[in-house]
Undergrad: 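Dropping the structure in here first, questions after.
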Amino acid sequence: MTLLTGSPVAADAPPTRVNALAAELEDLASRPWTLMEVCGGQTHAIVRWGLDQLLPSGMRLIHGPGCPVCVTPAATVDAALALARRPEVILASYGDMLRVPGSDPVGGADLLGLRATGGDVRLLTSPLEALSLARRHPDRLVVFLAVGFETTAPATAVALLQARRQGIENLRVLASHVRVVPAMEAVLSEPDCAIDGFLAAGHVAAVMGLGELQALAERHRLPVVVTGFQPEELMQGVVTCVRLLEEGGCGVRNAYGAVVRPDGNPQARSAMEAVFEPVSAPWRGLGTITGGALALREDYRRFDAFPLLDPPGPTAAAPEDNPCISGRILQGRALPSDCPAFGGRCRPEHPLGAPMVSSEGACAAYHRYRGAGIPARCG
Amino acid sequence: MSECIRLAHGGGGQLMRQLIAEEFRPLHGGGSPLHDAATIEPPGGRLAFTTDGYVVQPLEFPGGDIGRLAVTGTANDLAMAGARPLHLSVAMVLEEGLPLAQLRRIVASMAAAARECGVVIRTGDTKVVERGKGDGLFITTSGVGQVEASRPIGPGSIRPGDRLVVSGDLGRHGLAILAIRHGLELEPPVASDCAPLWPAVERLLQAGVHPHLLRDLTRGGLAAVLQELAEDSGCPFRIEEGALPLHPAVERVCDLLGLDPLQLANEGRFLLVVAPDQLEAAMAVLGPEGGVCIGEVGRPAEAGPVPDVVLRTPYGTQRCLPPVSGELLPRIC
Ligand code: SF4
């Protein structure tokens, strides 16, 4: 790589801790291991900081299915769009969700586009804001499109616990929360899976603890290392995982001890368990994942927004008539640059698939930070 | 006088005359500001002329307000052409219901900003629109300045090997506005960097520095400016990421929300492109906090695709500058 030669500033910056870890890795790795980072936030950081460029030759980091925006089924986005068209509805969600196109291949409508043409669509940073919106607008129906892993599900649960206690009648959720470990299980069960070990996301483990990961690691006899999202934390995670592999070990290691406690956050978990129960559900691009989603329990069904639809429930998504290979990307079997549409027909302003929409999606990360001329080293 | 703007304030009658005479008095800079057209003495030499519209919510924010923005913004556009800002016109569109007390504060702030920038507000216009048809207050300012730079300033003057210098920390204005809009309570609050740029440009010119380019880092931040300039000049830009000056709070919050500080707007920062043998002089003028060399201009690529802007991370790896997409949306995780 010779693009940057003779730079005027900090040309000989001292090697950082990240570089020291990379050197350690070089000594440690006796063969080209393949690790999967599960979470979109990790993918984003790896590509953002070019950490894959520091790996020993042949070693690969492949990108996992952990971008909640990417895996939300198009049918759920369609449901949100349909509800947002109703005059009595205030549709609220997280920022990234507002730009995900529905399944209509022609219009490519998204919630922000709907807002521009008069829909009442609000950007929230917490489900509790949806609760206060409902309180402030008793004459409207507030529908919260709730996505995310075990990191955001507890906050949705807390909002619903409070709504129930306070007798709030005009709040509904389009719940599309998903669970990480079943997705890791699904990726591992693919016949040609090449994964030697996982880097698991620290913020999910901070809620769920290490138990589920432990069981997975033992079932599949591979190492799982919980990491943070800073370059140093990620490199430390890679070193820990490779060391385990070299020693022939398996099991869970916590390389994010400052944040993750072995039993996670029991309070958050109990809120989540009170409101949601695991169900099997389709993930965008990945098919149905056993136990892969969270649905409202009986006591909380009155908050379910899907029955408002006609017909009720998510509609079957129209076949996605585009060249998007997001499923293969979310399984770590292809790189964004393998997609014929990457950077051409599919760009962040014109996403054909969800991995290009979310800032945590692998396609968006590559598009942002790689462009032409900086080769990808990860596989 | 009533407590808020009414439609009648725009009707051309007694109320309007009163509004202009009483509330806009601080803006009466000189000459005959209330006349249909101001007459100004030609300063001699080349003139720079610019105009800009200002819409911002909220109208007042930590470190500034729409009035200060409207005055410094247009004066800064002149400064970026190497011109001393001289005369300004101000057109205001007021929305029915705008509290007069707030208008008064904004007008006072415009007057103070005009003094800081050394410009005189020569002429103006006021319209009132019905409630719901405006966002409280829109301001348009136009400005005239006298070009004091002796050589052309623009993308065409950029040469391979030139150094890239920013005039201070990045992204504070954008974050200050974002924090208020999304109800983020930043402790301590981050204030906008909104400030006049001519004083720094004047010192550069007086010290004999010939800027190849000056560009204020407004909407789209440093990222948008670098991309545009690299494209226009046909040269790749190379940036040392570790050298970019960021306020710790900006860095922290951007990290938390998944925002790129380089895409956040500034209102008191500029990019200077200078020949390498003038770097030292420029840095001496701008001082340690106001002048940070962040990289250099490369040679146009002879073969193969080269990204317009390459950043070298503190780890020696490389990345591109993400394209600026317009709307800033905080991340989920
Ligand atoms: S580049 Fe676009 S079309 Fe291709 S896989 Fe990614 S999201 Fe789908």
Side-chain angles (χ1 to χ4, degrees), chain A residues 1 3-11 13 15-16 18-19 22 39-41 44 47-54 66-69 94-99 112 123-125 129 147-149 151-152 201 203-204 229-231 235 347-349 358-360 364 367-374, chain B residues 161-165 178 181-184 223 227 236-244 255-260 263 276 279 283 292-299 301 304-333:
Chain A
M1 196 154 320
L3 289 174
L4 250 175
T5 49
S7 179
V9 279
T16 60
V18 168
N19 296 102
C39 163
H44 181 90
V47 183
R48 157 79 174 73
W49 295 105
L51 300 183
D52 53 313
Q53 298 165 29
L54 299 173
C67 160
V69 174
Y94 300 110
D96 275 350
M97 260 343 272
L98 305 187
R99 292 200 304 126
L112 275 187
L123 185 163
L124 304 187
T125 48
E129 291 171 35
V147 301
F149 289 99
T151 43
T152 52
H203 54 6
V204 172
F229 297 84
Q230 294 301 319
M235 280 306 271
R347 311 168 64 83
E349 322 81 79
S358 158
S359 57
E360 278 147 83
H367 196 268
R368 284 177 138 230
Y369 300 129
R370 282 292 146 82
I374 299 185
Chain B
D162 278 357
R163 300 300 196 245
L164 304 165
V165 176
L178 196 95
R181 285 212 200 130
H182 291 293
L184 305 173
Q227 263 153 12
F237 284 19
R238 296 155 179 185
I239 308 297
E240 285 295 329
E241 190 164 8
L244 294 169
D255 212 35
L256 203 72
L257 297 180
L259 296 171
D260 187 343
Q263 296 196 1
L279 177 65
M283 302 283 270
V292 181
C293 180
I294 59 164
E296 67 178 6
V297 179
R299 300 209 159 273
V306 169
D308 291 338
V309 184
V310 179
L311 282 89
R312 194 168 83 149
T313 75
Y315 314 118
T317 57
Q318 299 183 29
R319 69 169 176 107
C320 298
L321 203 58
V324 179
S325 59
E327 211 163 335
L328 293 166
L329 301 174
R331 248 204 339 241
I332 298 183
C333 288

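The shown structure was predicted, so the numbers you read here are calculated from the model rather than taken from an experiment. Because only heavy atoms are used, hydrogens play no part in the values below, and waters and symmetry mates are left out as well, while side chains stay in. Chain letters run A, B, ... following the sequence lines, proteins first and then strands; every chain starts at 1.
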Undergrad: Does any backbone or side-chain atom of A:Arg347 lie under 4.5 Å from a heavy atom of chain B? Answer side chain, backbone, both or neither.
TA: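 Neither part.
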
Undergrad: Between A:Asn19 and B:Tyr315, which heavy-atom pair has the shortest distance, and what is it?
TA: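 For A:Asn19 versus B:Tyr315, the nearest heavy atoms are ND2-O, 3.0 Å.
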
Undergrad: Looking at residues at least two apart in the chain, or sitting in another chain, which of them share a side chain to side chain donor-acceptor pair (under 3.5 Å) with A:Glu129?
TA: A:Thr125

Undergrad: Within this structure, what is the CD-CZ distance for the pair B:Glu241 and A:Arg48, rounded to the nearest 0.5 Å?
TA: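 B:Glu241 atom CD to A:Arg48 atom CZ measures 4.0 Å (nearest 0.5 Å).
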
Undergrad: Out of curiosity, A:Arg368 CZ to B:Cys320 SG, how far, rounded to the nearest 0.5 Å?
TA: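 Going from CZ on A:Arg368 over to SG on B:Cys320, the span is 11.5 Å.
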
Undergrad: Output all residues satisfying side-chain contact (heavy atoms from CB on, under 4.5 Å) with B:Ala223, sequence neighbours left out; order by chain, then residue number.
TA: B:Leu262, B:Gln263, B:Leu321, B:Val324

Undergrad: Measure across A:Trp49 and B:Thr317 and return the closest heavy-atom pair with its distance rounded to 0.1 Å.
TA: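 A:Trp49 and B:Thr317 have their closest heavy atoms at O-OG1, 2.6 Å.
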
